[in-house]
Amino acid sequence: MGKIKIGIDQSINSTAVCVIEEGEKPIYYIIVPKMTKKMMNIKHSRICYITYDKIDLNLNHNIKCISERIARIIENMLAKNKDIEVIMEDVALMAKGRSIIDLSILNGYIRCELDKLGVNYKTIPPTQWKKELLGNGAANKDVIIYNWSKLDPEVHNQLSGCKEDDVADSFFIANI
């Protein structure tokens, strides 16, 4: 079996995980608190939605649920192959308000889950992967989605307008 690269773009409302096994097409996991009608209508073998029970007043519960879902995805990959590289987007230092706190806590929880599994991981700032892969550290969502759509048009066409920005980010993070 070939090496498996896993890219994680974490968020409280839509975390995306891209799993790329050497020689295979990427598989995308989208972790959301609830499925929309549009999400329910997406049927593609490389798109997997995973839900969790979001409790708005208990951020700690929500973060723990997301982290556990990511750990299960990675645990399943470890069962297939021990040669795994995990790359996580680091907290954007330019984030403002409550989101920087929430993302920092989520990032820490995910790191704890990876440590428990004995998985080595690295983090990369958003500006760095954008600069290395897209040539512009300040590339906006439209540029990221456009470039990803050229690399994985099949999945892009299925997801159009439905969490595709998170999926595109996770794809590029996995490819750093």
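These numbers come from the heavy atoms of this one structure, side chains and all, not from hydrogens, waters or symmetry mates. Nothing here was measured: the structure is a model prediction, and the numbers come from that model.
In this structure S104 satisfies the side chain to side chain contact (heavy atoms under 4.5 Å, CB included) test together with V91, I100, sequence neighbours excluded. Listed by chain and number, the residues in a side chain to side chain contact (heavy atoms under 4.5 Å, CB included) with I84 are I4, I6, M77, L78, V86 (sequence neighbours excluded). Residues satisfying the side-chain hydrogen bond (donor to acceptor under 3.5 Å, both in side chains) criterion with N60, sequence neighbours excluded, are Y109. In this structure, the salt bridge (charged side-chain N to carboxylate O under 4.0 Å, His left out) partners of E85, at least two apart in sequence or on a different chain, are K122. Contacts of K5 classified as salt bridge (charged side-chain N to carboxylate O under 4.0 Å, His left out), with partners at least two apart in sequence or in another chain: none. For the side-chain hydrogen bond (donor to acceptor under 3.5 Å, both in side chains) test, no residue two or more places apart in sequence or in another chain qualifies with Y121. With sequence neighbours excluded, no residue forms a side-chain hydrogen bond (donor to acceptor under 3.5 Å, both in side chains) with N76.
T15 places none of its side-chain heavy atoms less than 4.5 Å from the side chain of I110. Using a 4.5 Å heavy-atom threshold, the side chains of K54 and N13 count as touching. Residues I30 and M39 form no side-chain contact, since every pair of their non-hydrogen atoms from C-beta on lies 4.5 Å or further apart. Two residues are said to be in side-chain contact when any heavy atoms from C-beta on lie closer than 4.5 Å; W148 and C18 fail this criterion. Annotation: side chain of N136 is not in contact with side chain of V143 (no heavy-atom distance under 4.5 Å). Between L59 and I12 there is a side-chain heavy-atom pair separated by less than 4.5 Å.
Tracing side-chain contacts under 4.5 Å through hydrophobic residues (I, L, V, M, F, W, Y), one never reaches I173 starting from Y146; they form parts of separate clusters. M88 and I144 are not part of a single hydrophobic cluster, where members link through side-chain heavy atoms under 4.5 Å apart. Note: the hydrophobic cluster containing V19 does not contain L151 (ILVMFWY, side chain heavy atoms under 4.5 Å, direct or indirect links). By the rule that hydrophobic residues join a cluster once side-chain heavy atoms approach within less than 4.5 Å of another member, L103 and V32 end up as members of separate clusters. With hydrophobic clusters built from ILVMFWY side chains whose heavy atoms lie under 4.5 angstrom apart, I145 does not share a cluster with V155.
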N/O donor-acceptor pairs under 3.5 Å from side chains in residues 128-135, not counting sequence neighbours:
unit_1: Q128; atom_1: NE2; unit_2: E132; atom_2: OE2; d: 3.0
unit_1: W129; atom_1: NE1; unit_2: E89; atom_2: OE2; d: 2.8
unit_1: K130; atom_1: NZ; unit_2: A139; atom_2: O; d: 3.4

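Pairing each heavy atom of I20 with each of P26, the nearest pair is CG1-CB, 3.8 Å. Between L117 and A71, the shortest heavy-atom contact is CD1-O, 3.6 Å. A pairwise comparison of heavy atoms in I55 and N62 identifies N-OD1, 2.7 Å as the closest pair. Across all non-hydrogen atoms, the minimal contact from I27 to C48 is CG2-SG, 4.3 Å.
The structure places CG of D9 at 12.5 Å from OH of Y28, a figure rounded to the nearest 0.5 Å. To the nearest 0.5 Å, the span separating CD1 on I124 from CD1 on I176 amounts to 4.0 Å. The SG atom of C65 lies 11.5 Å from the CG atom of L106; values are rounded to the nearest 0.5 Å. To the nearest 0.5 Å, atom CG of residue L159 and atom OG of residue S149 are 12.0 Å apart.
Applying the salt bridge (charged side-chain N to carboxylate O under 4.0 Å, His left out) definition to pairs two or more places apart or across chains, those involving residues 37-53 are R46-D152, R46-E154. For residues 100-120, the set of pairs meeting the salt bridge (charged side-chain N to carboxylate O under 4.0 Å, His left out) definition, not counting sequence neighbours, comprises D90-R111, R98-D102, E113-K116. Pairs of residues two or more places apart, or lying in two chains, that qualify as salt bridge (charged side-chain N to carboxylate O under 4.0 Å, His left out) and include a residue from residues 61-75 are K64-E68, R72-E75. Within the structure, salt bridge (charged side-chain N to carboxylate O under 4.0 Å, His left out) pairs that include any residue of residues 156-176 comprise K141-D169 (at least two apart or interchain).
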Assess the residue pair I50 and V17 against the criterion (side-chain contact (heavy atoms from CB on, under 4.5 Å)); give the C-alpha distance rounded to whole Å, side-chain angles, the decisive distance to 0.1 Å, and a yes or no. CA-CA 11 Å; I50 300 171; V17 178; over 6 Å; no
